[in-house]
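Every number for a ligand or one of its atoms is a count from 1 in the order of the listing.
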Amino acid sequence: MDLTKIKDPSFLKKLNNDELEVLAYEIRKFLIAKLAITGGHLGPNLGVVELTLALHKQFNSPQDKFLFDVGHQSYVHKILTGRADQFESLRQYKGMSGFPKMSESEHDVWETGHSSTSLSGAMGMAIARDLQEKDHYIVPIIGDGALTGGMALEALNHIGHEQKDVIVVLNDNEMSIANNVGALHNALGRMRSAGKYHKAKDELEWLLKKIPAVGGVIANTAEKLKDSMKYFMIPGMLFEEFGFTYFGPVDGHDLNDLQENLGFAKKTKGPVLLHVITKKGKGYIPAETDKKDKWHGVGPYKIESGEKINPVTSAPAWSKVVSDTLVTLAEKDPRLIVITPAMILGSKLEKFQQKFKNRLYDVGIAEQHATTMAAGLATQDMKPFLSIYSTFLQRAYDQILHDISRQNLPVIIGIDRAGLVGADGETHQGIYDISFLRAMPNIVIMMPKDENECQHMVNTALSYQDGPIALRYPRGNGVGVEMDQDLMQIPIGKWELLEKGTDASILTFGTTISMALAARELLAEKGISVQVVNARFIKPLDETMLHQILKSNMPVLTIEEAVLAGGFGSGVLEFAEANNYQEVCIKRMGIPDKYVEHGEVEVLLEDIGLTKENIVKEIEKILPTKMKRAQLL
Ligand SMILES: Cc1ncc(C[n+]2csc(CCOP(=O)(O)OP(=O)(O)O)c2C)c(N)n1
Ligand SMILES: CC(=O)[C@@H](O)[C@H](O)COP(=O)(O)O
Ligand SMILES: [Mg+2]
């Protein structure tokens, strides 16, 4: 079947289950083939093929609203809503997003990317529907991982309280990105086995009826077994207590079971929770048999073997440099505790977990809890390293401000994926943390120029006791430099002069240093001598060096792969204003006030104008007139 011929999901109404099974096979074949080239979230999507078919068969999107939590598992939905022909461009510049996108389709009624928002969005839609006296269905689809997000529990609590007609589909595949964690995960496990209990109970009852009365012993034992199990195996009690009608557990790959239970859910008044059991990576042997976390989000791969086709690079991943350094430091310092909110694999912390079992805490998708737990640890002379993606740190703004910065606690915030991340697009770009952290008193913010400086910064952070310190580092691999054998301390607030110059000064840090140095070369060919400074401490600024630069009256260009508003450049401007350097020309380059979509990072940088050519142009623009005139002669 040519899936690109599908224009909208209404055709599903005419298909019987056998035909849907064939379609499910075709969709899996399509996803495996397409994502072998583009990469993407293969495992999650292979797990929801039958579920998404059943949903679109039982409901009428877009009148009925589907809210895909996290949204990484919405590829099947995109195929069924007329976008199969866009998969060649999946997560590429100006191509189809890897998450629901309203601008792509009327069937995408709720945009996601960050976890655990679907239930709150659904509740808002339900209140609006009822006030507007409409009668469509509202169906958030949330994974067992996303359900560990605090927002999801806040929403369950409210939906149950208000008894709103919302059909929550819980897609339980026992996995987050890595193995799922938490007491809720264990409760779901009991519900899953309770489902088996009910099956066993029915079979036991059937058996009891079949066995002639062969002495009370067997019958009595069986009866006792049946009765004793029910007390702790009643599935869904947890959700029933939240005011939901619980259906399940349902086999998420059985189209009959799915449609029957969706039918029950549609007829039930008040909030419903349909507990669906699926298998992440279903239908593709490597994704089913490998450690399942290896197929959550993948790059290109060889279909036959599942072998990943990784870009060749000798430089280590930034996350690995940080985690290897943490392992080294943890051997000497028993105070070091690492906390991750569900990103143990992304941040390459498995080795730390293996070596220090009780000193790594994966708290699930719970960034707020992770952050304040780190504060609690720091009050007791422990040394917490909160490992967290820049974009997910946004979830914990007040926990940093209220619990860490205000109490001035020595917490290390390891900000992974700082800067543009590329394929995940606007919901995941790590470009706001400088602006929101810089406004907080007491906090130190630093970023290394290469992986060698990175290891020294991890060491510096561990020794720093005067308050919170944030170390930001990008997604991907380092620049490929020699690593020092011994770890050193970097003086807090001390910048590094990389290249001398007398006509202008560039202040930058992290990933934009290389383009600044390249621009300096181009300017030197034009007879312009530019200083390049590694402004590796974004806060506090190196005031001694900054006074020297501003006193020299050299024009200054700041560059950052972060939003301009409230960023590093803003800090330099604030310093100049506070110290009355009105005469000095200061220009900023960075990310303007708009969301940055998905695409290859190099292409996004070009699109934003963060290129060495533009740096040359900006320097030429800010040179003093006499310099320009001399240039023209
Ligand atoms: C706030 C937030 N934290 C972390 C993530 C990273 N993340 C993306 S998917 C995922 C696991 C989701 O698990 P689940 O909801 O069970 O979906 P599955 O992948 O199992 O289908 C995580 C932790 C995120 N998207 N948002
Ligand atoms: C959907 C989601 O939020 C995660 O899967 C995220 O895509 C992981 O990002 P990295 O690939 O940078 O680890
Ligand atoms: Mg899951």
Hey, is ligand 1 close enough to Gly113 that some N/O pair sits below 3.5 Å? yes

To check your reading of the model: name the closest protein heavy atom to atom 11 (C) of ligand 1, its residue, and the distance in Å. Ser176 OG, 3.3 Å

Nearest-option assignment for atom 9 (O) of ligand 2, heavy atoms, candidates Leu345, Asp424, Val421: Asp424

May I ask you to decide if the ring planes of His41 and Phe99 are parallel, tilted or perpendicular, using 30° and 60° as cut-offs? tilted

Does Lys348 make a cation-pi contact with Trp318, if we ask for NZ or CZ under 6.0 Å from the ring centre and within 45° of the axis? no

Any idea which of His428, Arg417, Lys348 brings a heavy atom closest to atom 3 (O) of ligand 2? His428

Atom 7 (N) of ligand 1: the protein heavy-atom neighbour that sits closest, reported with distance to 0.1 Å: Ile177 CD1, 3.8 Å

Atom 13 (O) of ligand 2: which protein heavy atom is closest, and how many Å away? Tyr389 OH, 2.6 Å

Got an N/O contact under 3.5 Å between His114 and ligand 1? no

So which heavy atom in the protein is nearest atom 3 (N) of ligand 1, and how far is it from that ligand atom? Glu367 OE2, 2.7 Å

Counting heavy atoms under 4.0 Å, the part of His41 that contacts ligand 1 is neither

closest protein heavy atom to atom 26 (N) of ligand 1 is Ser115 N, 2.9 Å

With Ile591, the side-chain contact (heavy atoms from CB on, under 4.5 Å) member among Leu420, Leu604, Leu605: Leu420

I'd like to check whether Met175 has a polar contact with ligand 1, where a contact means an N/O of the residue lying under 3.5 Å from an N/O of the ligand. yes

Considering only N, O or S atoms of Asp144, the one closest to the Mg ion (ligand 3): OD1

Please identify which atoms of ligand 1 are closer than 4.0 Å to at least one heavy atom of His296. 9 (S), 19 (O)

Looking only at protein heavy atoms, identify the closest one to atom 11 (O) of ligand 2 and say how far it is in Å. Arg475 NH2, 2.9 Å

protein heavy-atom neighbour closest to atom 14 (P) of ligand 1 works out as Gly145 N, 3.5 Å

Closest protein heavy atom (residue, atom, distance) for atom 8 (C) of ligand 1: Val70 CG1, 3.9 Å

Metal site the Mg ion (ligand 3): N/O/S of Asn173 inside 2.8 Å: yes

Please list the nearest protein heavy atom to atom 1 (C) of ligand 1 with its residue and the distance rounded to 0.1 Å. Arg395 NH1, 3.3 Å

Quick one: nearest non-hydrogen protein atom to atom 21 (O) of ligand 1, plus distance? Asn173 ND2, 3.3 Å

Heavy-atom count around Glu21 CD within 6.0 Å, excluding the residue itself: above 12? yes

